[in-house]
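We name chains A, B, ... by the order of the sequence lines, and we start the count at 1 in each one. Remember, predicted model here, so these are calculated numbers, not experimental data.
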Amino acid sequence: MQNTIYQKLLSNKVIFSLIFLILLVAPMLLSDFRLNLLGKFLAFAILAIGLDLLWGGYTGGVLSLGHGIYFGLGAYCMAMYLKLEATGGAIPDFMAWSGMSELPLIWIPFQYPILAILLGVIIPAVVAFFLGYLTFRNRISGVYFTILSQALVIVVVTLFIGSQNLTGGTSGLTNFETLFGFHINASSTQTAFYWITVFILGAVFFFSRMLVKGRFGKVLIGIRDGENRMRFLGYNPSAYKTFIYTLSAAIAGLAGMLFVLQVGIISPTMIGIIPSIEMVLWVALGGGRGTLIGPIIGAVFVNTAKTGFSESYPEYWTYFLGILFVLVVVFLPNGLTGLFEKWNERRKNKNVSNSIRVEKSVS
Amino acid sequence: MLVYSYKQNNIEMGGKEMRMQNLFYLLIVGLLTSFMVACSAVDNAANADQPEETEENAVTDNIEGSSEDEGDTIKVGILHSLSGTMAISETSVQQAELLAIKEINENGGVLGKQLEPVIEDGASDWPTFAEKAKKLLQQDNVATIFGGWTSASRKAMLPVVEENNGLLFYPVQYEGMEASPNIFYTGAAPNQQIVPAVNWLLENRGDSFFLLGSDYVFPRTANAAIKAQLNAEGAEIVGEEYTPLGHTDYNTVIAKIKSENPDVIFNTLNGDSNVAFFKQLKDAGVSSENIIVLSVSVAEEEIKGIGADVIEGHLTSWNYYQTTDTPANEEFVANYKAEYGEDAVTADPIEAGYFGVYLWAKAVEKAGTTEVDKVKEAAKGITFEAPNGTVIIDGDNQHVYKTVRIGEVQSDGMISELWHSDEAIKPDPYLKEYEWAKDLSESLAE
Amino acid sequence: MISDLSIKKENMGAVNFLLHSGKKGLIGLNEIILTLFNGISLGSILLLIALGLAITFGLMNVINMAHGELIMAGAYITYVIQHIFMDYVPPTQYYDLYFIVSIPVALVVAAGIGVLLEITLIRHLYKRPLDSLLATWGGVGLILQQTARSIFGAPNVGVISPSFLSGGLEVGSLIFPYSRLFILGLAIVCLISIYYYFYRTASGRRVRAVMQNRQMAECLGVSTRKVDMMTFAIGSGFTGVAGCALTLLGAIGPTIGTSYIIDAFMVVVVGGVGALFGAVAGAFGIGIFNTIFEYVTDATIGKVLIFLLIIAFLQWRPSGLVMFRSRSLD
Amino acid sequence: MSQTVLELKKVLVDFNGFKAINKLYFTVNSNSVHFVIGPNGAGKTTLLDVICGKTKATDGQITLQKQRELTKLREDQIVHQGISRKFQTPSIFQELTVLENLEVAMKQKKNLFSMIKAKWTNEQESRINEMLHLIGLYLAKDQPAGSLAHGQKQWLEIAMVLMQEPDIILLDEPIAGMSKKERNKTGELITKIAKNRAVLIVEHDMDFVKKYADIVSVMHEGQLLFEGTMEQVQSDPKVREVYLGRKVD
C-alpha cells in the first residue's frame, strides 16, 4: 500500500542490520583514535538526520543555517556539567580570572548530571520552538528563513564570545576529567561513548523513520510540495513546521552532547556560521531526500573526506574538499544516494512489465 | 576480512530475490568498510616501524610515555592553522619551525637521527586542534608538537597533551595564568611583556590609559591585570572597549577615544582588526604625536599588512624584533630570508617558534632520549643563544627567561628598540611577584 | 505621556547608560553629528558591499556565498596594481593614480571571475537557489581563498592609501576623513550607474524583463542566457569595486570576504529582495542603528542588538522593506 | 428544501485601492449547484478566495449557517467549518500516490498529535476505496499522482475535496482543459455530490453551466449583477450588456 521510495529502500532489514553490525565491530578493528573519530562522525550523523527531517525530505524549503546553535547549546550543557565535575564544584578558572567568585545562577543546574543531560535536549528545543513559532506563524519561509537563521547564529556566537565569564569566551569549555566518576579520556570510556553514540544514532533513526513512515510523514511531504494546498485541506502547516524544527533542534542538542563527550571540547567555532553551513552540506551531499540514511552517509562521508584530505595534504586539502563539494552539488543534485537511486530507477524501469506505465514526476 | 564478508553477503543476496535497493545499502556498507580499511592502512603506515606491535599496544605505549622511535628518524608534529582566519598569523610560525628543523637536520639531527616533521592543519578551529593533536600523539607517535597561536587553540590541546603525556611547544605571548606540565611556553608571560610595558609607559608617556582589545580571553585577562597594575600605580583608566574578533569598523570606538583623549591606548586587538583600527585612526586625524598606541599583538609581519606609513611612530612591546642586535639574530634573519624570500620579515612569535625547536632538540640531546618525562627533566635550566638573546627554561613553570624590549615602528616597517630590560626576566605566569596582582593570582591558586 | 518624563531615581542608571556613561554625561551636538556621520559612512560601506549582492541575489535569486571572495579579489587587485605602479611609475604625483586605475580594473576582473563562475557553475543551479548557496560557499569560496593564499601568501598584504585620501575635512572641531567621504561618493556613483543601467538603457530593460518574466522575455527574442551571464557579471564587478574601496579601511587577506558576507546579505534581506532602493534603505538603516547602538553600548552588544533588530524587523515585514516580485520567489 | 448555508454581507476586498470585491451581498443555499459567471476581472475567483480565507476581506462579514463568522479564521480552521476548495490548476501532491493523496485529504483530526498517532480504520479504508471507484482511479491508486493525466488529476483533486465531507464545496473552473467526454463525467460527478451539500462553481463554459446549474450568479466589477436560472440570465439585458459590450441607447 505504501509505496514511496524511502520505504522500499528501508525494506531490507538484512542489509540494514549489517551496517549496524559493522558499526558494532568497529571498536575491534580501529585504533582508539580512529574509533573516536568515527564516533564523532556518527554524532554528526545524528544531527544530520534531524536536519534531513527539516530540509532534505520533509517540510521542504525550511533550510536552517543555524543548527550550529542547537548543536552548541546541547554541547555546552554537557560541557558545563563536565567542567564542574572536573573542578570538583569550584568555579572554573576562566570565571576566576574574569573576577567572579561564585558560581553564576545559570550554571547551578548543571551541577547535576541528569538535569544537565535533560537540559541539553530541552534548551535547544525551547529556543527552536520560540523561533519556529514566530517565524512560521508569520509565514517567513524560503530564503528569508535561511538568512534569518544565520542572523541568529551571529547573535548567539557574539553573545557566547562576549560573555567570557559565563561561557569561557572563544576558548570555550575544555579540560574535562570524569563523567559519573568514569575517567572521560580512558580508552574504555571512549569505547563506551562510541557504543552509546551508535545506539542513539539507531534510536534517532528508527524514531524518525517511525514518525515519517505513517500518515504524519505524508502530511510533511504534502507541506513540502504544497504548503498552501495543505491549508485548504485543513492542516496548519506552521504547527507542523514548528514541531519538526523543534524536534530537529532537540536532536542536534543530543548530537552536541555526544560530540563533547568524545572530542572533549566545545567552543564557539563549532557553532558559528561555517559549521552551520557545513552541517547542511552533509545532508546535501548525502542526498536521497527523505531516506534518512542519506544524511548519515553524507555526514560520515564528508567528514571522512575532510579528515583524510587534511591529514594527507595539510596545505592543499581545502582545494580537494572545495572541488568535491562543487562536483557533487552540480552533478549529483540528489547527492550520493541520488546517484544510486538514479541507477536503481533505470534498472527498475527496464524490468517493469506492469500494465500501467509510471512516469517519474519531475521533482 | 571485512571486504571478504561483504562480498560473500553480496553473493548470498544474489541467490535470493535480489532487489536493486540492496545495492544501496551495500554502498553504505562499502563506504564504511573502506573508511575502516583506509584508517587501518593509515594506522599501519604510521606504525610501520613497530611491526610486531598491534594498534592497541602502540597507543597504550604512547600513553605510558614511551614514544621512542626505533627508526632513523624522529617524528615531530607541527600543528598550526594553515586555513581559516588564523592562517594569516600562523603560517609564518610554521615556516620558522620548519626552518629550524631543516637547520638541525643539516647539522646532523638529534641523537644522530633526522627530524621528520608531520604537518597538520588546525584550520582555525579549536576542536580541530584537539583532534589533530590527538592524531599526532596517538597515531604518529610524535616526540613533541610545535604549534598553536591563539590561547583557545592551546587550551584545546592542553588536555590532549596531558592525557597522552605528550609535549607541546607553544610559541606566542599569552595571558598567563597557566602552567601545564606538558607544555613549554616559549612566548612571553604577562610579566615579560605587558607589565614592563605599562611601567615604561607610566614613566615615559603619561598616566591616562584607554584599553582597547578584541573580545576574547587574552585581551580580557591581560586588561584585568593592567587595570590592577594601573590602580596600584594611581594611574587613570579613561575607557575600556572590546570589539568582536574580525571587527572592521572602528569609527565609533575612535570617536569614543577622541572624546576621552587619553595619553596612551593600550592595544590588545588581534589580527585583522589591527589593520582596520590603525588605518581608521590615522584617517580620523589621530597620530602618534596626539595619542600613542602601544600594541602587544602587532609585530613586523602585521605591520606589513597595516602599512608602515599608517602605524609609524606607535609603540610595541615584545622580546624580539628583526632589528634586535645579537649575532644569533643576524644569522637567523639571513637564513629566514634565504629560505622564504627577501620580502619575508621575522617577528617575535616567528622567533619563539624557531628557538622552541632548538630548545627541545637541546633537551633531547641532554636526556639522550625523546621520552617525554626525561626530556622535561633535562629541559630544566637549559639555555640557548636565541636571536632575542639568551633564553633559559624555567624549571618551575616551563616558561623561558626573556628580555623585554619596547620598540617604535619606523617608516620602513621595522621596529627600533627604545628600551630593553637589563637582563632576561624570570617568567611569572601567575604574577605572583606582584602585590597588586594578589587578587588575580589568589583566585587561581589551587 | 509627557508628564511621565520625571524619571525615578532607580531608572537613572538606565538613562545614563543610554546617554553614554562617559564623563560628559550628555551627548553634545558634536557627538550627534559625528555619530550620524559615522552611521552614514558605515551605511555607505554596507551599501557598496551589498550592491553587487542586490543584483545577483536580489534580482537573480542566486545565493552566491562566494560574494565575499569577489570582495577579496577586488582588494588584491588594488594591491597588485599598486605593485605594478611601484615598479613602473616613478614616485611622482602620478603614483597616487594607482588607486583610480584599480577601480575599473577591479570592476573588470571581478566581472570576469563572475562570468567564469556563471558559466561553469551558477548556470547549472538557477533552479536550485539553495544548492547554489552550498556550492559557492563550500566549494568556490574555499577554493578562491586557498588560491589567494597560494598566490599572495597567508599573511595580510598592505596597500598604502593614496595621499589625496589621507587626512580629513575639518569642520570646527570635527574631522571627516577623506577616505570615508570618498567611499560615500563611490557608493553613490555606483548606485547611480546601476540605476541608470537598469532603468534607463535598453539592455537594462532587457535584464529586468528577463528577471520578471523569463518565458515572456524568451518569447520576445531576448537571449536569457546572455542576460543571465551579463547580470551576474555586473553584480560581481561592483563587488570587486567594493573590495577595492575596502583597502582604504581594513585588512587585505584571504579571509577578508568572510567578515563582510553576512552583513551584505542582511542589507539585501532587510531592504527587500529585488529592490535596489530597498538595499539603500537597508544599508543606511543598519549603518546608522549599528553606530548608535555601538556608541551607547559597546561593539559586541551593538552587534547583537542590530541583529536582534533585524530578526524582529523581519517578523514585522517578512519580505523586507520593499517587496518587488521577482522570479521564483513566490 | 434548500436553505441558506453561507451568507456574505457587504464584503469588501481592496487590493491597494483596487476593489476586487465591492460591498458584495451573496448567499449560497444547500443542496444546489450554484454557478458564478462573469467577465474577466469580475471578482469570481476572489469571491472563492475570500470565502475560503486565502484572501482576507478588508471589510464585511461572511457567516456560515447563520452563526459562524469566517473572516477572522485561518484557512485550515475554515476547512474544519465545512468549506472545501478546489483550485483552478490541479494542486495535488505529485510525489504522493493517488491513495496517499486521499489519505491526507480525508476528514479526520488534523492536528499534529492526532496525525502522529493516526492509524487506518476499516471505515476509512472503505471510504477511500469507494472514492477511488467513484473517480475511476482504483487501479491507479499506487501510482504517484504526478504521473496521472490532466483530467485524472482534476478528479483526484475533486475527490480530495469530497474526502473532507464538506457542507460547501468551492470549485474553480473544474473542467478547464478537459475533453468533451471528461466534461460530461465531471458534470455527472458534480450533480451527484450536490445531493447533500452546496456546490459553488466558477466557470466560463456556458454550455456546461447551462447543463448543470441550479442557480447562476453573474458578477461584474466586484458586485453581483444578476442572479437566477440560466434562462433568466440569458435573457437579462444588463447581463447581455456586460458580456457583449455597451449597446447604443
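Contact annotation for D272(B): both backbone and side-chain heavy atoms come within less than 4.5 Å of a heavy atom of chain C. Proximity to chain C involves both the backbone and the side chain of T252(B), based on heavy atoms less than 4.5 angstrom apart. Of the two parts of Y178(C), neither the backbone nor the side chain holds a non-hydrogen atom closer than 4.5 Å to a non-hydrogen atom of chain B. Looking at L82(B), the atoms closer than 4.5 Å to chain C (heavy atoms on both sides) all sit in the backbone: N, CA, C or O. Looking at S259(C), the atoms closer than 4.5 Å to chain B (heavy atoms on both sides) all sit in the side chain, from C-beta outward. Looking at L248(C), the atoms closer than 4.5 Å to chain B (heavy atoms on both sides) all sit in the backbone: N, CA, C or O. Heavy atoms of V253(B) lying under 4.5 Å from chain C belong to its backbone as well as its side chain. For a residue to count as touching a neighbouring chain, one of its non-hydrogen atoms must lie under 4.5 Å from one of that chain's; by this rule T91(B) touches chain C with the side chain only.
K303(C) contributes no side-chain N or O that, together with a main-chain N or O of H247(B), makes up a donor-acceptor pair within less than 3.5 Å.
Other residues, nucleotides and ligands contribute more than 12 heavy atoms inside 6.0 Å of the CZ atom of F152(C). For D343(B), the CG atom is loosely surrounded, since the number of other residues' heavy atoms within 6.0 Å does not exceed 12.
Nearest heavy-atom pair, K279(B) versus G250(C), reported as atom, atom and distance to 0.1 Å: NZ-O, 3.1 Å. Residues A284(B) and I175(C) approach most closely at O-CD1, 3.7 Å, considering heavy atoms. Closest non-hydrogen pair, D298(C) versus E241(B), comes out as CB-OE1, 3.7 Å.
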Going through the checks in order, is the salt bridge (Lys or Arg N to Asp or Glu O under 4.0 Å) test met by D249(B) and R180(C)? CA-CA 11 Å; D249(B) 199 286; R180(C) 299 259 169 184; 3.2 Å; yes
Checking S179(C) against D283(B) for the side-chain hydrogen bond (donor to acceptor under 3.5 Å, both in side chains) test, could you report, in this order, the C-alpha distance in whole Å, the side-chain angles of both residues, the deciding distance, and whether it holds? CA-CA 7 Å; S179(C) 55; D283(B) 285 344; 2.7 Å; yes
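Most heavy-atom pairs under 4.5 Å with chain C, from the set G246(B), A276(B), A255(B): that is A276(B). The residue among K304(B), Q280(B), E301(B) with the most heavy atom pairs within less than 4.5 Å of chain C is Q280(B). Note: L249(C) leads T255(C), L249(C), L142(C) in heavy-atom pairs under 4.5 Å with chain B. Most heavy-atom pairs under 4.5 Å with chain B: of the set P177(C), G168(C), G158(C), P155(C), this distinction falls to P155(C). With chain C as partner, the option from G271(B), G307(B), S273(B), P244(B) having the largest number of non-hydrogen pairs under 4.5 angstrom is P244(B).
A side-chain N or O of T300(C) and one of D215(B) form a donor-acceptor pair less than 3.5 Å apart.
Going from atom NZ of K258(B) over to atom CG of L174(C) covers 7.5 Å, rounded to the nearest 0.5 Å. Between the CD atom of Q145(C) and the OG atom of S83(B) there is a distance of 8.5 Å, given to the nearest 0.5 Å. Separating the CG atom in N251(B) from the OG1 atom in T35(C) is a distance of 10.0 Å, to the nearest 0.5 Å. Annotation: the span from N156(C) atom CG to N274(B) atom CG amounts to 10.0 Å, rounded to 0.5 Å.
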